[in-house]
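Okay, structure first, notes after.
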Amino acid sequence: MNDIDTNIVWHEHPVTRQSREKSNGHKGAVLWFTGLSGSGKSTLAGAVEQTLAAKNIKTYLLDGDNVRHGLCGDLGFSDADRQENIRRIGEVAKLMVDAGLVVITAFISPYREDRQKVRDLFQPAQFFELYVATPVEICEQRDPKGLYRQAREGKIKQFTGIDSPYEAPLKPEFSTDGRQTIPYTVEQIIDLLNTKGIFTV
């Protein structure tokens, strides 16, 4: 710990997470969507947020591409930069959960260790790892941004699923193979959150 760190203390404030949750009418939580590029993470995350918003649940969606326009705009795609990208997102999500929000994230987040570090920031009932397990063959067929094609051509290096690994979750709170309809999958996720007491809608 350096000299600056010794002068930094955590300040407790009179308005707590619990009071914010009471005002919101639901608990704060993180829905951490993970999966390959093109798996459908962002589409599913957006559909979940839209459904929750219609039920007056206070949410915020942190999308991988959007975050790299600002908060993580200084990072590349090396292993170290990917780890820092996920670390920053985890810390931002922690603040948002403290605000009583249901935070929805959509990141490849390919490494189990990095996802575990984010999970460790939260209480067990606050973090939900949602694995969109669409096979790489299907992701590559979709290839909405042409990224797989560029990776195959050698124009993009260290591309997850091609020349960089993806470590699938071992015990996610929810998983889908990406073949079900969006409405069906959203309904399953909403049911999970209801069961876990995040809200009752």
Side-chain angles (χ1 to χ4, degrees), residues 10 12-35 39-67 71 85-134 167-201:
W10 183 265
E12 298 294 341
H13 299 292
V15 179
T16 65
R17 173 178 57 81
Q18 289 79 7
S19 62
R20 296 186 190 101
E21 290 177 340
K22 184 176 180 180
S23 176
N24 290 343
H26 60 81
K27 295 180 180 179
V30 177
L31 310 184
W32 190 277
F33 285 92
T34 178
S39 63
K41 298 183 304 300
S42 293
T43 299
L44 188 53
V48 167
E49 184 181 38
Q50 189 174 19
T51 300
L52 293 178
K55 298 177 182 296
N56 296 316
I57 304 298
K58 293 178 172 58
T59 66
Y60 196 87
L61 173 57
L62 292 168
D63 179 83
D65 284 353
N66 292 354
V67 168
L71 177 67
N85 182 59
I86 298 306
R87 187 196 70 80
R88 292 183 192 180
I89 298 309
E91 292 292 347
V92 169
K94 183 179 179 181
L95 293 173
M96 290 184 166
V97 168
D98 192 52
L101 303 180
V102 174
V103 185
I104 305 165
T105 77
F107 297 89
I108 294 173
S109 49
Y111 302 119
R112 293 189 191 111
E113 181 180 1
D114 296 336
R115 297 194 302 269
Q116 183 62 47
K117 287 179 179 178
V118 175
R119 180 186 287 273
D120 290 343
L121 295 173
F122 300 93
Q123 298 172 11
Q126 292 178 327
F127 186 88
F128 297 82
E129 188 174 39
L130 310 176
Y131 178 31
V132 186
T134 309
E167 297 173 355
L170 298 178
K171 294 182 179 180
E173 279 71 22
F174 176 85
S175 65
T176 173
D177 64 8
R179 294 183 173 92
Q180 295 83 10
T181 66
I182 295 295
Y184 174 78
T185 306
V186 169
E187 183 179 358
Q188 286 188 309
I189 293 170
I190 299 300
D191 286 347
L192 170 65
L193 299 178
N194 266 306
T195 299
K196 296 298 183 179
I198 303 302
F199 48 74
T200 303
V201 293

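These numbers come from the heavy atoms of this one structure, side chains and all, not from hydrogens, waters or symmetry mates. Fair warning: this is a prediction, and the values are worked out from it, not measured in the lab.
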Starting at [atom1] of [X], measure out to [atom2] of [Y] and round the result to the nearest 0.5 Å.
| X | Y | atom1 | atom2 | value |
| --- | --- | --- | --- | --- |
| R179 | T181 | CZ | OG1 | 14.0 Å |
| Q126 | K27 | CD | NZ | 9.0 Å |
| R115 | D120 | CZ | CG | 13.0 Å |
| I198 | I190 | CD1 | CD1 | 11.5 Å |
| L121 | Q116 | CG | CD | 10.0 Å |
| D114 | R119 | CG | CZ | 13.5 Å |

Problem - Pairs involving residues 182-191, ordered by first then second residue, that meet side-chain hydrogen bond (donor to acceptor under 3.5 Å, both in side chains) (sequence neighbours left out) - result: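 Matches after skipping sequence neighbours: Y184-Q188.
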
With no hydrogens and no angle check, is any side-chain donor or acceptor of [X] less than 3.5 Å from a backbone partner on [Y]?
| X | Y | result |
| --- | --- | --- |
| E49 | G46 | no |
| E21 | G28 | yes |
| R17 | V97 | no |
| S23 | S19 | no |

Completion exercise
Which of L130, I189, I104 passes side chain to side chain contact (heavy atoms under 4.5 Å, CB included) with L44? It is I189

Exercise: identify the closest heavy-atom pair between [X] and [Y]:
| X | Y | result |
| --- | --- | --- |
| V186 | A47 | CG2-CB, 3.7 Å |
| A168 | Y131 | CB-OH, 3.4 Å |
| A99 | N24 | O-ND2, 3.7 Å |
| G35 | S39 | C-OG, 3.8 Å |
| F122 | G90 | CZ-O, 3.9 Å |

Exercise for the section: For side-chain contact (heavy atoms from CB on, under 4.5 Å), just list the numbers for R112 and L170, CA-CA rounded to whole Å, side-chain angles, deciding distance to a tenth of an Å, and then say yes or no. Expected result: CA-CA 9 Å; R112 293 189 191 111; L170 298 178; 3.6 Å; yes

Practice task
State plainly whether the residues K41 and D63 are in salt-bridge range, i.e. N to O under 4.0 Å.
Solution key: no

Exercise for the section: Give a yes or no on whether Q50 atom CD has more than 12 heavy-atom contacts from other residues, nucleotides or ligands under 6.0 Å away. Expected result: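 It does not: Q50 CD has 12 such atoms or fewer within range.
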
Within a strict 4.5 Å, meaning less than it, do heavy atoms of the [X] and [Y] side chains meet?
| X | Y | answer |
| --- | --- | --- |
| W32 | I86 | yes |
| L101 | T59 | no |
| R88 | E91 | no |
| T105 | V118 | no |
| N66 | L62 | no |
| T176 | T134 | no |
| N85 | F107 | yes |
| H26 | K58 | yes |

Practice task
Mind running side-chain contact (heavy atoms from CB on, under 4.5 Å) on I108 and T34 for me, showing each step along the way?
Solution key: CA-CA 5 Å; I108 294 173; T34 178; 5.8 Å; no

Exercise for the section: Show your working on side-chain contact (heavy atoms from CB on, under 4.5 Å) between V30 and M96 and close with a plain yes or no. Expected result: CA-CA 9 Å; V30 177; M96 290 184 166; over 6 Å; no

Practice task
Go through the steps to decide whether V48 and F33 satisfy the test side-chain contact (heavy atoms from CB on, under 4.5 Å), and finish with yes or no.
Solution key: CA-CA 11 Å; V48 167; F33 285 92; 4.0 Å; yes

